[in-house]
> 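Provided herewith is a single structure, encoded as structure tokens, for subsequent inquiry.
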Protein chains: 4
Amino acid sequence: MPRADAQRNRARLLEVAEEVFAERGTTVATEEIARAAGVGIGTLFRHFPTKEALLQAVYLARLRRLTDDAATSPSLTDWIRHAVEQSRVKNAFAEALTEAGIDPRGAAAEVHRDLLAAIDTMLRRDQSAGTVRPDLQVPDVIALLAGASRAVEVSPTSQSQVLNVLFAGLRP
Amino acid sequence: MPRADAQRNRARLLEVAEEVFAERGTTVATEEIARAAGVGIGTLFRHFPTKEALLQAVYLARLRRLTDDAATSPSLTDWIRHAVEQSRVKNAFAEALTEAGIDPRGAAAEVHRDLLAAIDTMLRRDQSAGTVRPDLQVPDVIALLAGASRAVEVSPTSQSQVLNVLFAGLRP
Amino acid sequence: MPRADAQRNRARLLEVAEEVFAERGTTVATEEIARAAGVGIGTLFRHFPTKEALLQAVYLARLRRLTDDAATSPSLTDWIRHAVEQSRVKNAFAEALTEAGIDPRGAAAEVHRDLLAAIDTMLRRDQSAGTVRPDLQVPDVIALLAGASRAVEVSPTSQSQVLNVLFAGLRP
Amino acid sequence: MPRADAQRNRARLLEVAEEVFAERGTTVATEEIARAAGVGIGTLFRHFPTKEALLQAVYLARLRRLTDDAATSPSLTDWIRHAVEQSRVKNAFAEALTEAGIDPRGAAAEVHRDLLAAIDTMLRRDQSAGTVRPDLQVPDVIALLAGASRAVEVSPTSQSQVLNVLFAGLRP
DNA sequence: CATGAATGAGTATTCATTCAT
DNA sequence: TATGAATGAATACTCATTCAT
């Protein structure tokens with residue numbers, strides 16, 4: 001199983017890891033993830049030489065998806081709604097990385113920059129259109145998104161109310 | 001050493017545990033907490049037969065403080081602001097609130113009930129006064145508070161903006 | 001089992017570790033040593049926080065015994081004979097430590113110094129008495145002892161001949 | 001790639017393995033050796049079905065060189081001097097000699113026999129000439145050579161003194 | 001034949017929990 | 001009651017070996 005299957009394995013590991021980390025927290029044994037992906041631990045560690053590296057990769061993949069969505073989303077609120085709906089349970093990744101002593105900005109500078117840029121574009125556009133409060137900045141948006149995800153995680157049945165309140169608060 | 005010292009030990013352990021968990025995450029070794037509290041590991045386990053039990057106790061203590069604050073707070077937003085400001089480093093409160101979320105396990109039931117009741121009182125009062133949207137329910141409030149704590153944790157410099165947006169969104 | 005038994009455990013671990021390392025090489029699993037000593041691995045690691053630390057401790061204990069013997073030995077050759085006879089199989093400790101990147105001199109400065117001093121005393125005494133070649137220096141003695149131990153290890157039946165040759169070569 | 005390249009690979013692996021084992025100990029990962037030889041790990045295992053087999057092959061190559069030298073050396077002491085000077089870092093030869101010691105495993109029997117015969121020839125010649133003690137036997141010679149290599153390895157600056165003492169001891 | 005991805009047993013180390021003192 | 005040594009299951013990671021391409 002050469003290059004082709006190797007890449008498939010890597011992709012599968014990432015996918016499975018995201019799910020498992022989400023469902024059972026970032027403290028799950030790496031072996032659990034390997035098992036869930038149907039590969040030996042050796043394979044997992046060949047692709048990600050460290051549990052932290054795996055965590056990083058999962059985290060970066062998430063950021064990339066967020067960035068892509070931001071680039072094509074019609075509005076900031078649509079993007080937030082989508083992101084919150086997507087965020088599978090326990091999105092404790094940033095936290096995990098922070099705990100691990102890794103500054104996500106440092107480790108993943110480019111991806112981070114892209115995400116910030118994409119948010120910035122959306123934000124300015126909507127602010128110009130007068131649909132979003134003008135005093136909002138990119139870091140605030142990130143904080144609010146993280147908060148909304150957490151809120152929905154705490155009380156899934158409150159999802160629509162949480163978004164209602166947030167979107168109402170975002171209006172100028 | 002009579003009961004007095006035992007109780008003092010228990011109190012000190014709770015206090016120290018909250019600090020250490022907040023600063024270094026809930027994965028710190030229990031021995032670290034014992035050391036920080038100046039007692040032997042055996043003493044810690046005498047007071048809290050399980051690490052889980054210690055965590056629970058810390059969370060319950062937090063919930064009790066939240067409840068007390070709710071009982072004396074002039075308004076829902078004041079309470080939220082106070083809670084968010086209090087939330088020490090890390091997602092201290094958020095975690096506590098997650099636990100409070102829906103599934104109040106056994107012994108903690110009473111504390112949870114009290115907190116929900118206190119929030120309910122505040123909420124109804126403010127809704128009657130017309131300062132808070134009428135479609136809001138107690139679980140939504142908890143979710144929003146957890147979210148706000150998380151948001152501030154992610155971007156501490158966004159604290160006032162986060163609260164601005166949240167409070168704007170809470171208005172009817 | 002307080003202090004008393006703890007010290008007994010430590011001593012037993014050292015003793016057993018020396019034997020097992022000697023018999024089976026320094027690559028034996030630490031767990032083997034714990035088992036042979038009749039304690040859990042946890043106990044082993046409580047006493048020696050690292051396999052390397054255990055290796056060090058065993059090595060230092062050997063050096064100390066060599067030093068003590070040197071202090072009381074009537075002559076250099078008696079000391080060498082005794083040391084060679086004592087050296088259980090595979091005395092690969094120095095090697096192990098060198099491989100591990102530890103300079104024994106650095107890590108165990110004092111013990112080393114004492115040994116060198118003891119050898120120096122013996123050597124000068126015998127050289128003054130005219131029983132040992134005057135051009136010999138302390139490092140040569142150490143090298144020769146290490147060599148003799150190795151020689152006997154390679155061919156145990158040659159022990160007396162190896163010593164005969166060595167002692168003949170040591171004479172002025 | 002015909003037989004030629006395969007043999008070249010095998011030779012290169014042996015050469016590189018000797019160097020790497022000598023420099024970094026026999027615990028280096030086989031993959032390191034493959035990498036250093038510029039071949040895939042699969043190729044290494046095709047030529048040497050086991051790490052043990054590779055080690056054996058390296059040792060045997062050394063023994064063969066020792067044998068060849070013995071066949072052409074003018075005297076036992078010259079041979080020993082040459083062997084000790086050759087012994088690369090670490091106890092390369094010593095280990096090889098340990099293996100040669102007593103228990104020539106299966107396939108290596110012939111090489112061992114040749115070496116012992118070559119030493120025997122030298123030894124008898126020099127004993128007849130009266131330049132070497134008559135009570136010395138072949139295993140003693142092997143042991144002494146192994147010991148000398150080890151001694152020089154322990155204290156490289158003592159090389160000439162070690163040889164002085166040894167050669168003095170070898171005289172009748 | 002060569003390659004290198006996959007495998008999984010093995011290893012050092014940690015940590016919650018127990019228990020003798 | 002407090003202490004901390006002992007315990008061993010659990011975990012991240014390595015490495016010899018196999019095998020599909």
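In the text below, chain A, chain B and the rest are named by the order of the sequence lines, each starting its count at 1. Computed from a prediction, not measured in an experiment: that's the story for all the values here.
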> Indicate yes or no for a side-chain donor-acceptor contact from C:K51 to the backbone of C:A29 under 3.5 Å, with no hydrogens or angles considered.
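Not at all, since once roles are kept as given, no pair shorter than 3.5 Å links the two residues.
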> Can you identify which nucleotide, out of F:dA16, E:dA16, F:dA5, has its nearest atom closest to the B:A29 side chain?
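So the side chain of B:A29 is nearest to E:dA16.
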> Do the side chains of D:T30 and D:F45 get nearer than 4.5 Å, heavy atoms only?
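The answer is yes; the side chains approach within 4.5 Å.
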> Taking only residues two or more places apart in sequence, or in another chain, which ones meet D:R12 in a salt bridge (charged side-chain N to carboxylate O under 4.0 Å, His left out)?
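By the salt bridge (charged side-chain N to carboxylate O under 4.0 Å, His left out) rule, D:R12 matches no residue at all.
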> Tell me: CZ of A:F48 to P of F:dC13, nearest whole Å?
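A:F48 atom CZ is separated from F:dC13 atom P by 13 Å.
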> What is the distance from atom CZ of C:R10 to atom CG of C:L13, rounded to the nearest 0.5 Å?
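It is 9.0 Å, given to the nearest 0.5 Å.
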> List for me each residue that meets side chain to side chain contact (heavy atoms under 4.5 Å, CB included) alongside B:A53, sequence neighbours excluded, and say none if there are none.
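Result, side chain to side chain contact (heavy atoms under 4.5 Å, CB included) vs B:A53: B:F48, B:P49, B:T50.
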> Respond yes when some side-chain nitrogen or oxygen of A:H47 is under 4.0 Å from OP1 or OP2 of E:dA6, and no when none is.
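Checking E:dA6 against A:H47, a side-chain N or O does come within under 4.0 Å of OP1 or OP2.
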> Hey, does A:L55 have a side-chain heavy atom less than 4.5 Å from the side chain of A:Y59?
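Of all side-chain heavy-atom pairs linking A:L55 with A:Y59, none is under 4.5 Å.
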> Can you tell me how far C1' of E:dA5 sits from CZ of A:R12, to the nearest Å?
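So the two atoms are 17 Å apart, to the nearest Å.
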> With respect to the side chain of B:F45, which nucleotide from E:dT17, F:dT17, E:dT13 is positioned closest?
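Nucleotide nearest to B:F45's side chain: E:dT17.
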> E:dT18, F:dC13, F:dA16: which one has an atom nearest the side-chain heavy atoms of A:K51?
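Closest nucleotide to the A:K51 side chain: F:dC13.
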> Taking side chain as C-beta onward, heavy atoms only, is A:V154 less than 4.5 Å from A:R150?
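Answer yes - side chains close enough.
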> How long is the line joining CG of A:L54 and P of F:dC13, in whole Å?
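The distance from CG of A:L54 to P of F:dC13 comes to 10 Å, rounded to the nearest Å.
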> Side-chain polar contacts of residues 31-41 of chain A - donor-acceptor pairs under 3.5 angstrom, sequence neighbours left out - could you list them?
{"residue": "A:E32", "atom": "OE1", "partner": "A:R24", "partner atom": "NH1", "Å": "3.0"}
{"residue": "A:E32", "atom": "OE1", "partner": "A:R24", "partner atom": "NH2", "Å": "3.1"}
{"residue": "A:E32", "atom": "OE2", "partner": "A:R35", "partner atom": "NH2", "Å": "2.8"}

> Specify the residue among A:E31 and B:E31 whose closest nucleotide of DNA chain E lies further upstream toward the 5′ end.
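Nearer the 5' end of the strand: A:E31.
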> What integer distance in Å separates B:L13:CG from F:dT3:C1'?
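After rounding, the reported distance stands at 13 Å.
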> Output the distance between atom CZ (D:R46) and atom CG (D:L44), rounded to the nearest 0.5 Å.
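The distance works out to 12.0 Å.
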> Find the runs of at least 3 consecutive base pairs, i with j, i+1 with j-1 and so on, that include DNA chain F, using Watson-Crick or G-U wobble geometry with both distances under 3.5 Å.
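As far as DNA chain F goes, consecutive pairing (with distances under 3.5 Å) yields the stems E:2-21 with F:2-21.
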> Within residues 34-43 of chain C, which residues have any heavy atom lying less than 4.0 Å from an atom of DNA chain E?
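By residue number: C:I41.
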> Quickly work out the C:R10 CZ to F:dA6 P distance and round it to whole Å.
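The distance from CZ of C:R10 to P of F:dA6 comes to 12 Å, rounded to the nearest Å.
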> For C:Q7 and F:dG4, give me the distance from atom CD to atom C1', rounded to whole Å.
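Taking CD of C:Q7 and C1' of F:dG4, I get 14 Å after rounding.
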> Below the 4.0 Å mark, does F:dA6 have OP1 or OP2 next to a side-chain nitrogen or oxygen of C:R46?
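For F:dA6, neither OP1 nor OP2 has a side-chain N or O of C:R46 closer than 4.0 Å.
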> Counting only side-chain N and O atoms of B:N9, is one of them less than 4.0 Å from OP1 or OP2 of F:dA2?
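Yes, such a contact exists.
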> Mind calculating the distance between CG (A:L44) and C1' (F:dT11) to the nearest angstrom?
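Rounded to whole Å, this separation is 13 Å.
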> With A:R64, which residues qualify under side chain to side chain contact (heavy atoms under 4.5 Å, CB included), at least two apart?
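Checked A:R64 against side chain to side chain contact (heavy atoms under 4.5 Å, CB included); matches are A:L60, A:V111.
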> Once you round it to whole Å, what is the distance between P of F:dT18 and CG of A:D5?
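It is 22 Å, rounded to the nearest whole Å.
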